[in-house]
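In what follows, a single structure is set out as structure tokens and then discussed.
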Number of protein chains: 2
Amino acid sequence: MKKGEATKARILEEATRQAALRGLTGVSLNDVAEAVGLSKSGLFKHFESKEDMHLAVVQMVTDRFSELIRLPASQLPPGRPRLEKIFERWLQWCEDDWAESGCPIMQLSVELDDQPGPPRDLLHKQLQGFRKTVTREFLSLRDPPLSDREAQAAYFQMKSFVLGQSDARRMMGDADARRSAQAAFEALLDRTSRAAA
Amino acid sequence: MKKGEATKARILEEATRQAALRGLTGVSLNDVAEAVGLSKSGLFKHFESKEDMHLAVVQMVTDRFSELIRLPASQLPPGRPRLEKIFERWLQWCEDDWAESGCPIMQLSVELDDQPGPPRDLLHKQLQGFRKTVTREFLSLRDPPLSDREAQAAYFQMKSFVLGQSDARRMMGDADARRSAQAAFEALLDRTSRAAA
DNA sequence: GAGCTTAGCGACCGGTCGTGCTCTTTTCTA
DNA sequence: TAGAAAAGAGCACGACCGGTCGCTAAGCTC
């Protein structure tokens, strides 16, 4: 059971790439099969249906997100260092790792937010987990710790800046987007850690 | 040439509704025709092709956006009143006017940002125009006017908060999203108008 | 290396896609 | 009100969609 797993991984890789470009629904099994060097029917030895593949794509994207953003940050001291690392890797994820297609998590969010089903539920669960982790990190940003409300507000702004950067760069062609986001985030950290309880 | 225009408007209305739900590519001419009470071929008396309809949808969405956000604000005194009005109407636009589907401009942005062609170009042009208008409004927020850089940074954050609210509410089910966005924006206005040159 | 398991192929299914064609009905205009 | 012009129906097309089936060939285990 080794060759099979490798092939499945290749299929998923390609499907994820295409989903980032055209959305989950826009992925054609024919195109995926061709790109991987398989026949269409060969795909069905690895996935029961297209929705099954959708689910696997969501899983793969969120796994990779964790690996590239959460993991490296978790090895730093809590608070500001971690938050800065997360933000930096997050921007990087949108900007470089998916340069041709834009952040797949944003794409999936917009596509799935009104489309009930297992893919949406999985994405929702993973994003909630990430939110919780980061919000907790905000709590320990100041010595008398932030209130839950404050931490949530900070996370809201942090994610907003990531979304803003992605939108500005991709849709508006704004080359300064990253600097704008970075500056806004640093200011947010300053404000948040300075503010009195 | 009156009945025709009315029918075309109805078609566009429905196509826009569906595009907000499933994206431009996801719109089925069959479904649109059926919903409007026409045959599929009847549609082609009003649009040369599907891409032609895509373009008209983008035009309609951005026109309505102007009408609902820019127009009411333009009747207020410049500076803070206008900015607050724009932000409030903008959030409203995402939250209510497209309650079931999410802000169509975000949807279109994500879908079109890597899809060259007339629809993308039109959307890009309209969004640039809007950005310019709002950025100019930021300039007159303070007596010694903001620098271009400051105004652009402020617009970046403003748009980020709108994106953040839409994402938080739709994908994360965050009922407080609007309040978070509103608070963040008010704080942004305070900071921006207070900051020394 | 025999034998079971699994990966993969090719043909094919019913259905839907966007689009062209011809023909009829409705609407507008002079 | 007659006649031109526009609106729309009906149908058929070729391409493509996700998916099934039976078969072969390769891989894995003992």
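Predicted, not measured: the structure shown is a model, and the values here were computed from it. Each chain gets a letter, A, B and so on, in the order its sequence line appears, and its residues count up from 1.
Not counting sequence neighbours, the partners of B/Gln92 by the side chain to side chain contact (heavy atoms under 4.5 Å, CB included) test are B/Arg89, B/Asp96, B/Arg178. In this structure, A/Lys85 has no side-chain hydrogen bond (donor to acceptor under 3.5 Å, both in side chains) partners at least two apart in sequence or on a different chain. Remark: A/Phe130 pairs with A/Phe65, A/Trp90 by the ring-ring contact (aromatic ring centres under 6.0 Å, His included) rule, at least two apart or across chains. Looking at residues two or more places apart in sequence or on another chain, you find no salt bridge (charged side-chain N to carboxylate O under 4.0 Å, His left out) involving A/Arg70. Contacts of A/Phe87 classified as ring-ring contact (aromatic ring centres under 6.0 Å, His included), with partners at least two apart in sequence or in another chain: A/Phe185. Residues forming a salt bridge (charged side-chain N to carboxylate O under 4.0 Å, His left out) with B/Arg131 (at least two apart in sequence, or on another chain): A/Asp174. Under the salt bridge (charged side-chain N to carboxylate O under 4.0 Å, His left out) criterion, A/Glu186 pairs with A/Arg80, sequence neighbours left out. Under the rule for a salt bridge (charged side-chain N to carboxylate O under 4.0 Å, His left out), B/Asp148 has no partner lying at least two apart in sequence or in another chain. A search for side chain to side chain contact (heavy atoms under 4.5 Å, CB included) contacts involving A/Asp121 returns nothing, not counting sequence neighbours.
Contacts with DNA chain D (heavy atom under 4.0 Å) in residues 20-30 of chain A: A/Val27, A/Ser28, A/Leu29, A/Asn30, listed by number. For residues 42-54 of chain A, proximity to DNA chain D is found at A/Phe44, A/Ser49, A/Lys50, defined as any non-hydrogen atom under 4.0 angstrom from a strand atom.
The distance between atom NZ of B/Lys40 and atom P of C/dG15, rounded to the nearest whole Å, is 15 Å. In this structure, B/Glu5 atom CD and D/dA5 atom C1' are separated by 15 Å, rounded to whole Å. The distance between atom CG of B/Leu38 and atom P of C/dT25, rounded to the nearest whole Å, is 17 Å. Per the geometry, CD belonging to A/Glu34 stands 12 Å off P belonging to C/dC9, to the nearest Å. We find that CG of A/Asp31 is positioned 16 Å from P of D/dA15, with the value rounded to whole Å.
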Working for ring-ring contact (aromatic ring centres under 6.0 Å, His included), residues B/Phe156 and B/Phe161: CA-CA 9 Å; B/Phe156 171 83; B/Phe161 296 148; 9.1 Å; no
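B/Phe47 carries B/Lys8 over the face of its six-membered ring, with the cationic atom under 6.0 Å from the centre and within 45° of the normal.
For D/dG10, the base has a donor-acceptor partner in the side chain of B/Ser41 [N/O atoms by modelled type, under 3.5 angstrom].
An end-to-end axis angle of 30° holds for the helix from C/dG1-D/dC30 to C/dA30-D/dT1, taken from five base pairs per end and rounded to 10°.
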